[in-house]
Structure formats: structure tokens, C-alpha cells
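Counting convention: from 1, in listed order, for ligands and their atoms alike. We number each residue from 1, following the sequence as shown.
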Amino acid sequence: MNPATQKKALITGITGQDGSYLAEYLLGLGYEVHGLVRRVALEQPAHRLSRLRGIRNQIQIHAASLESYASIFHVLSKHQFDECYHLAAQSFVGESFIDGFSTMTANISGTHYVLAALRELQPSAKFYFAGSSEMFGNVRETPQRESTPFHPRSPYGISKVAGFHLTTNYREAYGMFCASGILFNHESPRRGFEFVTRKITEGVARIKAGMAKELKLGNLDAKRDWGHARDYVRAMHLILQQPSSDDYVVATGEAHSVREFCQLAFAEAGLDYRDWVKADPTFYRPAEVDLLLGDASKARSVLGWRPTTDFQSLVKEMVHSDLELIGSEGSKRESVTA
Ligand code: NAP
Ligand code: GDD
């Protein structure tokens, strides 16, 4: 790759599900990829950089925190970027009800810090904000599109609405290329264990291996528009390749309930979810988002984006990945005790 024409991208939140897929995708396109990580990640690389295992030697990593403007400013003062994908956030809705303050600080001030440092040091870099369907919350229309009014139902959702408006404001006030993707739920075998899809697929694998006797879940009737993270990072990249910055809903256009996810996931392992799933009010949220269903017509027509993985294939991939993972943990344990 010619260094003069090679594009440079910065990914905040590179250690997360989306960050790791996006880094791989951009490397495949010939980008020089840099990532911001918390300093603690450098101290525990085996655990905290595990999603980057396959590409660790091909990316450059810099320590910075969403809580520190100085640390972000420092990295941006040393390296010039063409594109900045701001994915870092406290991303678990449930946790945002427990500690709304740190969610707000990381997600709102963190976004503001990245935008302000870019404006100061490299205003021509293109900026992507990881907006969320949680911004629609108590939905005013179905399906939800770019024009649907926001009604967030959690501190997390509120923080994403604020980040979205900050991004628009930098576009309008300073003429910067600042765009938001309004992404509906997307999952993968790299999903964090606290999110319901991964909790279910890991639960299936543990039950199948005889390591658990039940799976406790909250609201089985909530419906989500679930896609595959690998498809969604392609949309992020396309959003920054447009001639001007704009906002896009990214979704599959199909909604399924948590119950349907359970049904399919347990069936994939030859089990009936009704024998294993137990309702536990601990996992109910103080304010629930009952249904999210996206209309991605704009992303389809303007970006040419389409998802390639359907719901059934997503569930299957996640279950088989966890069956394999738990199976190999089990056999490691056996060989240690043998
Ligand atoms: P994720 O797996 O939870 O990753 C979050 C990333 O943010 C991790 O790299 C994490 O670093 C980093 N981070 C969290 N707090 C931080 C802090 N205080 N300072 C620095 N880094 C911090 O989330 P994801 O699923 O990849 O989602 C990526 C982004 O898209 C998030 O902004 C999320 O809110 C948004 N989003 C996700 C979805 C979805 O369905 N996945 C849908 C819409 C929007 P550590 O590894 O050190 O914790
Ligand atoms: N986590 C979890 N655990 N959720 C449960 C459980 C449980 O035991 N039981 C039922 N649910 C329900 C939740 O109440 C919610 O309605 C649904 O399952 C999905 O929950 P999560 O998987 O935690 O995801 P989320 O929809 O709240 O948020 C995710 O998607 C957003 C986009 O809409 C996250 O990735 C956010 O970061 C993202 O913005």
C-alpha cells in the first residue's frame, strides 16, 4: 500500500464487538488502523484485547480515556486521521439504570471531548457517531426511520440522544463532516455476555454441557430488530464515504421476541427452552423498550447497504460458537484434572 494514499482511521472502542469487526474490515480495505483503549487494557492484554487477537500486530493502539479530554487531545495531536469512528461507550442499557452518572459522563462528555479535539486539531477528519435505536425508546411510530421523534427510556438512551445532537451541532456549527448511524441491535459470537442474545447462547451451551441447570431471564416479550455486527460495520464505513455527512437508520426490518430467540437457540442444541428458561424479575428494567423495528430504506437507497445474515443464521452461528467455546473449556478442565 502506498503510504501517501493509504487512509488512516481511528476507532474509539476498538476492543468492543463492533470495534474489532470494524478494524478487521478496514484492514481488509487497506487502511492504517489505530485504536483508543483504556490504559488498563494494556496491562491485561490477554483478557481485554481478546477480540483483537487475530489482528493485534496489524493495528496501532493508544491509551486514552473517555473521561479525559487531555488524553484524547494528546493522541490526536500525534497522529493525523482521515476518519474517526467513535464507538466507545458504556453500552449496556441495564447498567445505565444502576449507574446513570458514569454512563452520562462517558457517553456524553466522551463524545464531546472527541468532537472538540477533532475540531481543534484536525477538523477535516470525518467523524462517525454510534447512535442507537434506543434513542427511539417508547416508539412514536413503527417501523422507526430517520424522521421518527426520539423518546429515550433509559439513561443510556438519553446519553445517545445527547451524543447524536452534539454530532449534528458540530456539523452545522463548524461545517465538519459529522455523521450518525442509528443502528438497531446487532450481535455476533463476540457479543458481550451481559446482552440477552449472548446470555442465551452461552446459557444453552452451559446447559448442554451439564454446567448449568437453568437460565434466568427477564422480559421474554420484548422485540428487537437483530442483525449481525459484521454487516453493520460495513454500513459505518459507507456512511463516511458519502459526499456529505448525514444520518442513517441501519436495521434488518424484521423484529423477533426474546422468546423466539430462546426457542431457536435451544432448539439448535436439541433442547426445549420451556424446560430451562426461568423468569426472574431481577432482570426486568425500570422502563422497558417493548419493540424496536427499523426502516433502513435510506441506507439501502443512498448507501447501497443490505444485511447479508438473517435472524436464523445469526442465532445458529452464535449457538455453535458457544457450544464450541464451552466444549473446549470443558475439555481443558478435564485434561487439567485428569
Ligand atoms: P461494546 O462491545 O460494549 O464495546 C464498547 C467499547 O467502548 C469497548 O471497547 C469499551 O472498552 C469501550 N469503552 C467503554 N467505556 C469506556 C471508557 N470509559 N473509556 C474508554 N473506552 C470505553 O459495544 P458494541 O456493541 O461494540 O457497540 C459499539 C458502539 O455502538 C457503542 O457506542 C454502542 O453504544 C453503540 N451501539 C451498539 C449497538 C449494538 O447492538 N451492538 C447498537 C447501537 C449502538 P473496554 O473493552 O475497555 O471496556
Ligand atoms: N440483557 C438482558 N438480560 N436483557 C434481557 C434479559 C436478560 O436477562 N431478559 C430479557 N431481556 C430483554 C431486555 O429487557 C431488552 O428488552 C432486550 O432483552 C434486549 O436487551 P439487551 O440485549 O441488553 O440489549 P438492548 O436492546 O437493551 O441494547 C442493545 O441494543 C441497543 C440498540 O437498540 C445494546 O447493544 C445497546 O448498546 C444498543 O444501543
Side-chain angles (χ1 to χ4, degrees), residues 11-22 35-42 44 47-52 63-68 71-72 85-97 102-103 105-107 109-111 113-114 128-137 144 152-154 156-157 159-160 163 180-188 190-200 203 215-229 232-233 236 250-251 257-259 261-262 277-292 294:
I11 304 174
T12 75
I14 195 169
T15 58
Q17 170 188 258
D18 291 5
S20 63
Y21 280 113
L22 179 62
L36 287 193
V37 303
R38 305 190 230 211
R39 183 160 295 285
V40 64
L42 301 176
Q44 302 171 317
H47 167 54
R48 289 183 171 266
L49 302 179
S50 61
R51 292 186 179 105
L52 302 172
S65 157
L66 283 186
E67 286 83 28
S68 157
S71 69
I72 294 166
Y85 296 86
H86 178 45
L87 310 185
Q90 193 301 95
S91 72
F92 185 38
V93 173
E95 170 62 21
S96 80
F97 284 109
S102 67
T103 301
T105 306
N107 296 5
S109 296
T111 301
Y113 292 158
V114 176
Y128 173 87
F129 175 66
S132 163
S133 47
E134 273 291 305
M135 302 190 303
F136 298 122
Q144 296 85 51
R153 295 267 284 172
S154 63
Y156 170 82
S159 75
K160 286 291 178 179
S180 292
I182 306 175
L183 271 52
F184 282 62
N185 298 50
H186 44 279
E187 320 292 312
S188 75
R190 298 186 195 168
R191 191 52 146 153
F193 292 102
E194 64 274 40
F195 301 95
V196 77
T197 56
R198 188 72 195 281
K199 185 171 167 185
I200 295 168
L215 176 63
K216 290 183 178 174
L217 292 175
N219 180 12
L220 296 184
D221 296 316
K223 288 189 167 168
R224 290 291 182 274
D225 179 330
W226 277 299
H228 197 299
Y232 285 49
V233 302
M236 296 176 188
V250 179
S257 65
V258 173
R259 188 185 307 281
F261 196 105
C262 287
V277 172
K278 303 281 176 281
D280 183 343
T282 323
F283 298 107
Y284 277 78
R285 292 179 178 166
E288 176 64 292
V289 170
D290 298 318
L291 164 72
L292 290 174

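- Residues F136 and I182 meet the side-chain proximity criterion, which asks for heavy atoms closer than 4.5 Å.
- Set against the non-hydrogen atoms of F283, the atoms of ligand 2 under 4.0 Å away are 8 (O).
- Residues passing the salt bridge (charged side-chain N to carboxylate O under 4.0 Å, His left out) test with R51, sequence neighbours excluded: none.
- Nearest protein heavy-atom neighbour of atom 9 (N) of ligand 2: G218 N, 2.8 Å.
- Taking a cut-off of under 4.0 Å to the non-hydrogen atoms of A222, the atoms of ligand 2 that pass are 16 (O).
- Under a 4.0 Å criterion applied to the non-hydrogen atoms of V93, ligand 2 contributes the atoms 27 (O), 28 (O).
- We find that K199 and E187 are not joined by a salt bridge, their nearest charged nitrogen and carboxylate oxygen being 4.0 Å or further apart.
- Note: Y85 and Y128 have tilted aromatic rings, judged against thresholds of 30 and 60 degrees for the angle between ring planes.
- Applying the side-chain hydrogen bond (donor to acceptor under 3.5 Å, both in side chains) rule to S132 yields no partners; only residues at least two apart in sequence or on another chain are considered.
- Rounding to the nearest 0.5 Å places OG of S91 at 11.0 Å from CD of E134.
- The heavy atom nearest to atom 5 (C) of ligand 2, out of those in L183, N107, V196, T197, is found in V196.
- Each of the atoms 31 (C), 32 (C), 33 (O), 38 (C), 39 (O) of ligand 2 lies under 4.0 Å from some heavy atom of S132.
- Listed as neighbours of ligand 1 are G13, T15, G16, Q17, D18, R38, R48, L66, E67, L87, A88, A89, S91, A130, G131, S132, Y156, K160, L183, F184, N185, H186, R191, each bearing a heavy atom under 4.0 Å from the ligand.
- Summary of contacts: the protein heavy atom closest to atom 25 (P) of ligand 2 is N185 ND2, 3.8 Å.
- The existence of a salt bridge linking E67 and R38 is excluded, since no basic side-chain nitrogen approaches an acidic carboxylate oxygen closer than 4.0 Å.
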Exercise for review: For side-chain contact (heavy atoms from CB on, under 4.5 Å), just list the numbers for L183 and M236, CA-CA rounded to whole Å, side-chain angles, deciding distance to a tenth of an Å, and then say yes or no.
Suggested key: CA-CA 9 Å; L183 271 52; M236 296 176 188; 3.7 Å; yes
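- Residue nearest to atom 8 (O) of ligand 2, selected from Q17, K199, R259, R153: K199 (by heavy-atom distance).
- Taking the side chain as every heavy atom from C-beta outward, Y113 and S71 never approach each other to under 4.5 Å.
- Side chain to side chain, R190 and S20 meet the donor-acceptor criterion of an N or O pair below 3.5 Å.
- Between S133 and D225 the shortest side-chain heavy-atom distance does not fall below 4.5 Å.
- Contact annotation: Y284 has no heavy atom less than 4.0 Å from any atom of ligand 2.
- A donor-acceptor contact shorter than 3.5 Å is absent between the side chain of Q17 and the backbone of G19.
- Summarising the contacts of atom 21 (P) of ligand 2 with Q90, R285, R224, the nearest heavy atom is found in R285.
- Put simply, the side chain of L66 does not reach to within 4.5 Å of the side chain of L36, judged on heavy atoms.
- Listed by number with element, the atoms of ligand 2 under 4.0 Å from a non-hydrogen atom of E134 are 31 (C), 33 (O).
- Qualifying salt bridge (charged side-chain N to carboxylate O under 4.0 Å, His left out) partners for D221, counting only residues two or more places apart in sequence or in other chains: R259.
- Atom 13 (C) of ligand 2 has its nearest heavy-atom neighbour, among R198, E187, R191, E288, in E288.
- Heavy-atom proximity to S133, at under 4.0 Å, picks out these atoms of ligand 2: 32 (C), 33 (O).
- Which parts of ligand 2 touch L292 is read off a 4.0 Å heavy-atom cut-off, strictly below it: atoms 33 (O).
- In this structure, the protein non-hydrogen atom closest to atom 36 (C) of ligand 2 is S91 O, 3.3 Å.
- From N107, atom CG reaches atom CZ of F129 across 7.5 Å, with rounding to the nearest 0.5 Å.
- Close approach to F92 involves these atoms of ligand 2, each under 4.0 Å from a residue heavy atom: 1 (N), 23 (O).
- Scanning the protein heavy atoms around atom 38 (C) of ligand 2, the nearest turns out to be Y156 OH, 3.5 Å.
- If you check which protein heavy atom lies closest to atom 1 (N) of ligand 2, you get E194 O, 2.9 Å.
- Residue F184 has no N or O atom closer than 3.5 Å to an N or O atom of ligand 2.
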